[in-house]
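The figures that follow rest on heavy atoms only: side chains count, while hydrogens, waters and symmetry mates do not. Below, chains carry the letters A, B, ... as their sequence lines are ordered, and counting in each starts from 1.
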Protein chains: 2
Amino acid sequence: MTKPLLVHRTLSAAIVERIRQDILDGRHAPGQPLRQDSLAASFGVSRIPVREALFQLEAEGLVRIEPHKGAIVLGLVPDEVDDVFDLRLLLEPRLLASSLPRLTDADFAEAQALDATFGDAIEQQDIARWGELNAELHLCLYRRATQPRTLSIVASLLQSSERYTRLQLGGLPELTRARREHRALIKLCRTGDSKAACKLLTAHIEEVRKDLQRLFQAPKRRARKGRSAS
Amino acid sequence: MTKPLLVHRTLSAAIVERIRQDILDGRHAPGQPLRQDSLAASFGVSRIPVREALFQLEAEGLVRIEPHKGAIVLGLVPDEVDDVFDLRLLLEPRLLASSLPRLTDADFAEAQALDATFGDAIEQQDIARWGELNAELHLCLYRRATQPRTLSIVASLLQSSERYTRLQLGGLPELTRARREHRALIKLCRTGDSKAACKLLTAHIEEVRKDLQRLFQAPKRRARKGRSAS
DNA sequence: GAATCGTACATCGTATACAATCTACACGCC
DNA sequence: GGCGTGTAGATTGTATACGATGTACGATTC
């Protein structure tokens with residue numbers, strides 16, 4: 001499996017993951033300060049690896065650190081949601097077009113395996129899992145692209161998306177639709193029809209965005225603290 | 001001004017800047033390992049702030065850290081140069097179009113001030129300076145855009161560009177042309193003609209890219225170590 | 001009573017010390 | 001001779017300890 005959990009090379013890396021999950025799952029609310037001492041105590045480690053973890057999370061855009069004051073969890077800004085999905089629509093088809101001709105059978109096999117695991121995660125309601133599986137699946141299809149910078153940007157956009165999409169955790173119909181689209185996408189990629197595949201990919205991302213927009217408008221308002229204009 | 005220089009809130013932040021400059025200026029060659037001990041000794045500090053600086057530089061894409069092995073300076077991959085400029089061409093006009101209608105007189109004044117400083121830096125051959133001034137100038141024009149994520153991505157792309165363009169340090173004609181284009185761009189932005197401004201911006205970025213391509217082909221080959229396929 | 005100052009506490013930043021891991025080279029075995 | 005093994009040195013990772021900075025709150029002054 002992709003979750004050995006014990007094979008983190010360093011404590012810092014393990015703690016990054018723990019805190020990241022806690023933020024994504026909402027166990028640390030936006031605006032909430034993350035005290036080094038209390039985190040260190042809760043993990044049973046010293047503050048050093050906690051500090052390094054917080055720095056990494058700041059680079060990922062999940063927290064903001066102010067010198068001598070501490071780290072606070074950043075909130076979800078509606079502007080940013082739009083921006084992230086605009087960027088995905090702009091960049092992912094480009095990546096796919098570049099990567100598709102170079103994809104190997106092994107790549108397709110891996111994509112299908114990820115899709116299968118994705119299906120399992122849906123059945124088991126494993127919310128924490130299907131978000132990252134979705135990201136892995138997308139990245140798997142882009143991996144042969146010759147655009148390393150775009151690739152790393154998209155990886156980070158996918159992770160941000162995960163944070164948003166995790167809000168709609170229960171959405172069974174959306175998930176099964178997403179999976180259907182994934183399977184169709186993989187199939188199309190195998191045929192090598194780049195144009196059609198990009199089109200489908202675009203539609204797929206649009207659908208997810210629409211799901212999210214519906215979610216942002218319909219239910220109760222969410223907190224918007226934790227991020228000032230910079 | 002935007003260069004307080006002395007008021008780094010922490011040692012880590014100051015060291016980030018020092019090491020970054022050393023890499024950009026080529027004092028640390030690609031592929032070269034950065035030992036925590038020796039860096040700490042050369043700055044007269046302990047390894048803790050050095051470690052934190054290295055983590056930040058990894059997030060910026062200047063070094064790669066392998067657990068228990070250390071940090072090495074990343075090299076310039078030709079693929080990435082293309083990628084970075086493609087992304088700039090894709091994203092910067094979008095930002096400008098969004099920001100332009102909201103730009104204030106103060107913003108324009110600041111842009112012109114930056115341009116003037118840029119001119120001074122050219123005269124004084126202050127290579128370390130004009131790269132970041134160029135970035136500040138571009139960002140100044142984009143600052144009112146409602147796309148926070150794109151903004152931070154472009155900021156990082158501009159910094160990467162700086163690394164490339166710094167190779168051609170001597171290029172007086174390229175620099176004066178760049179400055180001319182900047183002034184024209186600011187003027188156009190003042191008129192509010194978004195379409196024309198974006199067109200000029202695109203041409204401007206294209207020109208810089210061409211300068212760089214010329215540089216990559218003409219002179220001797222550069223080292224390409226320090227980055228493995230990931 | 002409002003404002004300023006100052007002190008105590010909480011929290012962060014950095015130095016020092018120790019433990020864990022990696023690398024290189026010598027040794028022994030097949 | 002090739003190849004695994006093991007040990008010493010180098011380097012990184014983490015814990016503990018101390019100093020610096022920020023914040024809250026009460027005292028003092030006008």
Side-chain angles (χ1 to χ4, degrees), chain A residues 4-20 22-23 28-60 62-74 225-228 230, chain B residues 4-20 22-23 28-60 62-74 225-228 230:
Chain A
L5 212 51
L6 260 284
V7 295
H8 280 290
R9 315 269 316 153
T10 67
L11 272 182
S12 308
I15 293 174
V16 166
E17 192 140 334
R18 281 287 299 271
I19 300 180
R20 186 197 292 128
D22 285 346
I23 293 177
H28 297 303
Q32 172 186 341
L34 298 177
R35 298 290 165 214
Q36 298 174 6
D37 273 323
S38 98
L39 288 172
S42 79
F43 296 142
V45 302
S46 85
R47 280 168 39 219
I48 301 286
V50 171
R51 282 177 60 81
E52 297 180 352
L54 288 175
F55 281 122
Q56 169 136 6
L57 291 169
E58 181 181 39
E60 291 180 15
L62 287 176
V63 310
R64 183 175 57 186
I65 298 177
E66 281 195 75
H68 297 247
K69 293 181 72 175
I72 63 174
V73 180
L74 290 180
K225 304 186 305 178
R227 183 150 213 171
S228 68
S230 65
Chain B
L5 259 185
L6 262 280
V7 294
H8 278 293
R9 317 272 314 159
T10 66
L11 272 183
S12 308
I15 293 174
V16 166
E17 194 139 333
R18 282 287 299 272
I19 300 180
R20 185 197 292 127
D22 286 346
I23 292 176
H28 297 303
Q32 172 185 342
L34 298 178
R35 299 289 165 215
Q36 298 174 7
D37 271 323
S38 94
L39 288 172
S42 78
F43 296 142
V45 302
S46 85
R47 280 167 40 218
I48 300 287
V50 172
R51 283 178 60 80
E52 296 180 352
L54 289 175
F55 281 122
Q56 168 136 6
L57 291 170
E58 181 180 39
E60 292 181 14
L62 287 176
V63 310
R64 183 175 55 185
I65 299 177
E66 282 194 74
H68 297 232
K69 292 181 72 175
I72 62 175
V73 180
L74 289 180
K225 303 186 306 177
R227 182 148 213 172
S228 67
S230 65

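- Using a 4.0 Å cut-off, no side-chain N or O of B:Thr10 falls inside it from OP1 or OP2 of C:dC12.
- Side-chain atoms of A:Val16 and A:Leu57, non-hydrogen and from C-beta on, do get closer than 4.5 Å to each other.
- Put simply, CD on A:Gln36 and CD1 on A:Ile48 are 8.5 Å apart, with the number rounded to the nearest 0.5 Å.
- Contact check, B:Arg9 against D:dG22: a side-chain N or O comes under 4.0 Å of OP1 or OP2.
- OP1 or OP2 of D:dT23 lies within a sub-4.0 Å distance of a side-chain N or O belonging to A:Lys69.
- Checked by atom type and distance alone, the side chain of B:Glu58 pairs as donor or acceptor with a backbone atom of B:Ile65 at under 3.5 Å.
- At the phosphate of D:dG13, neither OP1 nor OP2 sits under 4.0 Å from any side-chain N or O atom of A:Ser12.
- Phosphate contact (OP1/OP2 of C:dC12, side-chain N/O of A:Arg35, threshold under 4.0 Å): present.
- Checking side-chain atoms of A:His28 against main-chain N and O of A:Ile19 turns up no donor-acceptor pair under 3.5 Å.
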Got a list of protein N/O to nucleotides 5-9 of chain D N/O distances below 3.5 Å?
none

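- As judged by a 4.0 angstrom heavy-atom cut-off over every strand, A:Leu11 is placed among residues touching the sugar-phosphate backbone only.
- For B:His68, taking side-chain heavy atoms from C-beta onward, the closest of the listed nucleotides D:dT12, C:dT14, C:dT21 is C:dT21.
- Rounding to whole angstrom units, CD1 of residue B:Ile48 and P of D:dC18 are separated by 16 Å.
- B:Ile72 approaches B:Pro33 most closely through the heavy-atom pair CG2-CA, 3.9 Å.
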Margin query: Evaluate B:His8 against B:Ile15 for side chain to side chain contact (heavy atoms under 4.5 Å, CB included), listing each step before the verdict.
Written below: CA-CA 9 Å; B:His8 278 293; B:Ile15 293 174; over 6 Å; no
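- Using a 4.0 Å heavy-atom criterion, one finds that A:Arg47 contacts the bases of the nucleic acid, with or without backbone contacts as well.
- If you find the closest nucleotide of DNA chain D to A:Pro67 and to A:Val45, the one lying nearer the 5' end belongs to A:Val45.
- In this structure, the CD atom of B:Glu58 is 14 Å from the P atom of D:dT12, given to the nearest Å.
- Applying the 4.0 Å criterion to OP1 and OP2 of C:dA10, one finds that A:Gln36 has every side-chain N and O outside that range.
- Where A:Ala71 and B:Ser46 each meet DNA chain C at their nearest nucleotide, the meeting point lying more 5' is that of A:Ala71.
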